[in-house]
Novice: 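Once you've had a glance at the structure underneath, I'll fire off some questions.
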Amino acid sequence: MPIFGAQRPATGRHKPTIMNDILNHLTSKTLEAIQALWGQEAEAAQVQFQKTRKEFEGHLTLVVFPLLKISRAKPEQTAELLGKALLERCADSLSGFNVIKGFLNLSLSEAYFIQMLRTIAQQDDFGIRQPSQDAPTVLVEYASPNTNKPLHLGHVRNILLGNSLARVLAAAGKHVKKVQVVNDRGIHICKSMLAYQKFGQGIEPSAELKGDHLVGRFYVRFDQEHRLQIQQLVEQGMDPKQAKDKAPILLEAQEMLRQWEAGEPAVRALWERMNQWVYQGFDATYADYGVDFDKNYYESQTYELGKRLVLEAVGQGILQQKDDGSVWADLTADGLDEKVLLRSDGTSVYMTQDIGTALLRHDEFQFDHMVYVVGNEQEYHFKALKLILAKMGHAWAGELTHLSYGMVELPEGKMKSREGKVVDADDLFQEMLQTARQTALELGKLDELSPEEQLRTHRMIALGAVKYFILKVNPKKTMLFNPAESIDFNGNTGPFIQYTHARVSSLLRKAAERQLWNPEQLAAFETLSAKEAELVQLLAELPAQIQQAADEFSPALLANYCYELTKTYNQFYNDFPILREENPESRALRLLLSANVAKVLRLAMGLLGIELPERM
RNA sequence: GGCCCCAUAGCUCAGUGGAUAGAGCAACAGCCUUCUAAGCUGUCGGCCGCAGGUUCGAGUCCUGCUGGGGUCGCCA
């Protein structure tokens with residue numbers, strides 16, 4: 001059930017939000033009525049409207065229980081009195097009311113709905129707030145991949161969420177910058193490099209093998225070799241734990257990391273080369289999924305800044321250096337533990353780099369807020385990061401938010417990259433594309449389109465299915481992905497919504513061909529059915545839905561909203577003639593309504609990064 | 001073990017302190033000579049993990065318990 005909680009003051013020049021406007025109006029009139037009826041001031045918080053449940057007559061419901069202390073009367077009587085008073089005061093918008101127990105159900109007038117629809121129809125970007133000059137700047141960090149293996153389903157949830165969140169925040173009137181941090185240095189990439197040196201035989205990326213997959217293959221190769229050596233050492237009588245640390249290939253990788261830090265040219269060259277392969281691979285994946293970034297940060301370029309800042313903080317007594325040279329932040333006073341920031345050999349850890357990156361970003365963008373879209377296994381890390389930055393004297397540490405999304409699990413449990421139990425991002429895209437193509441061919445509705453147009457539509461549908469499937473789930477919750485049966489094209493899915501859009505598009509094309517309707521001309525209709533009113537009411541909720549999605553960092557709210565709107569529209573489409581309607585005014589209303597359902601779906605689904613086709 | 005998160009229909013998920021807790025999938029039964037059937041309608045399916053508490057009112061807030069996940073690295 002939609003939100004009518006927060007009533008935002010109508011400040012400055014802003015476009016009408018329609019549903020909020022009527023709610024604010026009703027709220028103030030209710031307060032007036034309470035004063036007139038019982039001579040007492042009520043607080044706005046006591047006046048709470050909600051959407052009337054479908055099984056009752058009316059559109060908006062005032063729950064009168066909180067007002068009984070003021071009225072000192074029975075719920076029914078209180079509701080009755082308020083209903084009459086409101087009807088008198090809001091003759092322009094209300095057409096009637098009914099009372100059931102403590103619920104005062106108000107009916108909005110048909111004329112008011114038609115006025116709402118006209119208002120919505122006049123705005124091409126209905127519900128979207130353009131950021132004003134002084135609107136806050138928000139950085140959204142998403143995807144922080146390691147450069148040693150290709151992206152998998154976990155990254156897919158990450159990039160889809162982050163990208164959608166960025167769109168939602170922008171639509172809520174913020175200046176948004178999308179940033180990425182690439183973990184391009186460290187032992188993980190050295191493992192791939194070493195295995196490539198030993199076993200690569202100069203192989204290079206090709207059409208059959210993307211760069212990120214190639215590098216990932218050698219990461220796996222390293223692991224195989226490592227295991228083999230451990231086994232050999234254990235057979236020679238070494239303790240398994242010790243064998244893991246003493247395996248020659250691991251020692252070699254560690255040596256390679258030291259050489260990297262020392263700037264050894266050959267190591268740096270190989271590192272550059274292999275990272276470039278990975279970036280090209282990532283870029284292709286990002287392009288397939290339709291996500292991008294305004295700026296990339298590389299760990300190799302920020303860790304030294306982080307290190308410097310940490311050492312400065314030691315000098316200021318904010319952080320502590322132990323006898324072995326390691327540097328620590330004492331977070332015990334805040335209920336956390338001590339956290340290491342520099343190893344005893346002076347090398348930096350993940351946290352060090354994050355400190356450097358955060359400062360760099362603050363200098364560059366002067367952000368008001370930064371959101372890290374990172375999995376919930378790193379909650380501790382981000383709590384610590386905020387505390388450390390605050391200790392270092394950065395007031396903006398309080399403006400960092402960790403959007404902690406849940407893991408994606410497979411039917412057999414957690415994904416494990418080393419055991420090959422992963423769903424690869426590129427494979428997933430290709431499989432969905434194949435399924436979309438096959439379904440489209442079976443149905444044969446795209447046959448008239450050019451091959452390019454067909455492919456474009458197949459991609460749209462494949463992505464619509466994946467994105468909607470992932471984004472409709474509350475980001476905070478663990479979600480299950482069953483490759484065999486998870487992604488469907490029927491029911492509560494992206495393609496279901498896309499299909500409805502295609503049907504409306506078809507209606508509008510035919511209406512234009514047959515000159516049944518001129519969209520510029522708003523017909524002089526005066527009446528509409530309950531179903532049509534329901535649709536207008538849903539349309540009018542878009543601005544509040546976007547605002548709430550932005551407030552709660554939850555694109556899922558918009559997915560559910562789109563689904564409800566689509567479902568309701570399909571019922572309407574099924575039960576009402578549109579082109580076939582003979583009354584021209586009624587036909588014009590239905591076409592205008594359909595066009596605006598399509599528009600709102602385009603806008604809202606667009607915030608999920610999902611495009612809607614004209615045909616499918 | 002400490003801390004954090006989760007538990008709603010067979011499965012996947014909605015559900016903002018308000019009315020008789022909703023969708024989709026799966027199963028079954030209907031609806032295309034008519035605007036795209038990737039659609040619509042109906043049937044079946046629930047001690048909202050358990051036990052207390054707060055409240056006029058609890059799936060929703062609080063406490064305890066049970067079960068599951070995460071985290072507590074000089075890993076990222």
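Sequence lines set the chain letters: A, B, ... in the order given, protein chains first and strands last, and positions in each chain run from 1. In this text, all values refer to a predicted model and were calculated from it rather than measured experimentally.
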Novice: So, using ring-ring contact (aromatic ring centres under 6.0 Å, His included) as the criterion, who are the partners of A/Y499 when residues are at least two apart?
Specialist: none

Novice: How does RNA chain B look in dot-bracket form if you count Watson-Crick and G-U pairs under 3.5 Å, write [ ] for pairs that cross, and put | where a base pairs with another strand?
Specialist: (((((((..((((....[...)))).(((((.......))))).....(((((..]....))))))))))))....

Novice: Can you tabulate the close N/O pairs, meaning under 3.5 Å, that link protein atoms to atoms of nucleotides 4-8 of chain B?
Specialist:
from, atom 1, to, atom 2, distance (Å)
B/C4, O2', A/E379, OE1, 3.4
B/A7, OP1, A/K477, NZ, 3.0

Novice: Only pairs at least two apart or in different chains count here, so list each ring-ring contact (aromatic ring centres under 6.0 Å, His included) that has a residue in residues 455-482 of chain A.
Specialist: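 Applying ring-ring contact (aromatic ring centres under 6.0 Å, His included) to every pair that reaches into residues 455-482 of chain A, excluding sequence neighbours, yields A/F469-A/F481.
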
Novice: Would A/E76 and A/K74 pass as an ion pair if we require N to O under 4.0 Å?
Specialist: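 No, no charged N to carboxylate O under 4.0 Å.
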
Novice: Mind checking salt bridge (charged side-chain N to carboxylate O under 4.0 Å, His left out) for A/R602 and listing every partner two or more places apart, or none if nothing turns up?
Specialist: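 So A/R602 forms no salt bridge (charged side-chain N to carboxylate O under 4.0 Å, His left out) with any residue.
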
Novice: For A/E304, give me all partners under salt bridge (charged side-chain N to carboxylate O under 4.0 Å, His left out), at least two apart in sequence or on another chain.
Specialist: none

Novice: Between B/A19 and B/G59, how far is it from one C1' atom to the other, in whole Å?
Specialist: 15 Å

Novice: Once hydrogens and angles are ignored, does a donor-acceptor distance under 3.5 Å link the base of B/A38 to the side chain of A/T493?
Specialist: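 Donor-acceptor pair under 3.5 Å: no.
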
Novice: Ignoring backbone atoms, test whether A/R343 places a side-chain nitrogen or oxygen under 4.0 Å from the OP1 or OP2 oxygen of B/C75.
Specialist: yes

Novice: For A/R503 and B/A37, is the shortest distance between a side-chain N/O and OP1 or OP2 below 4.0 Å?
Specialist: yes

Novice: Would you list the atom pairs, donor with acceptor, under 3.5 Å between side chains in residues 57-66 of chain A and any protein atom, with sequence neighbours excluded?
Specialist:
from, atom 1, to, atom 2, distance (Å)
A/H59, ND1, A/L108, N, 2.9
A/T61, OG1, A/T52, OG1, 2.7
A/T61, OG1, A/N105, OD1, 2.6

Novice: Output all residues satisfying ring-ring contact (aromatic ring centres under 6.0 Å, His included) with A/Y298, sequence neighbours left out; order by chain, then residue number.
Specialist: A/Y279

Novice: Report, one line per pair, each donor and acceptor closer than 3.5 Å where one atom sits in a side chain of residues 149-160 of chain A; sequence neighbours left out.
Specialist:
from, atom 1, to, atom 2, distance (Å)
A/H152, ND1, A/G154, N, 2.9
A/H155, ND1, A/H152, N, 3.0
A/R157, NH1, A/G406, O, 2.8
A/R157, NH1, A/K477, O, 2.9
A/R157, NH2, A/N474, O, 3.2
A/R157, NH2, A/P475, O, 3.4
A/R157, NH2, A/K477, O, 3.0
A/N158, OD1, A/A143, N, 3.0
A/N158, ND2, A/V373, O, 3.3
A/N158, ND2, A/Y405, OH, 3.0

Novice: Taking only residues two or more places apart in sequence or in another chain, which ones pass ring-ring contact (aromatic ring centres under 6.0 Å, His included) with A/F56?
Specialist: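 With neighbours one apart ignored, the set is empty.
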
Novice: Sorted by first residue and then second, give each side-chain hydrogen bond (donor to acceptor under 3.5 Å, both in side chains) pair with at least one member in residues 338-347 of chain A; sequence neighbours left out.
Specialist: A/K322-A/E338, A/R343-A/T347, A/D345-A/T347

Novice: Please tabulate the protein-to-nucleotide N/O contacts below 3.5 Å involving nucleotides 58-62 of chain B, giving atom names and distances.
Specialist:
none

Novice: Checking understanding here: a glycosidic angle within 90° of 0 is syn, the rest anti, so what is B/C32?
Specialist: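 You should classify B/C32 as syn.
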
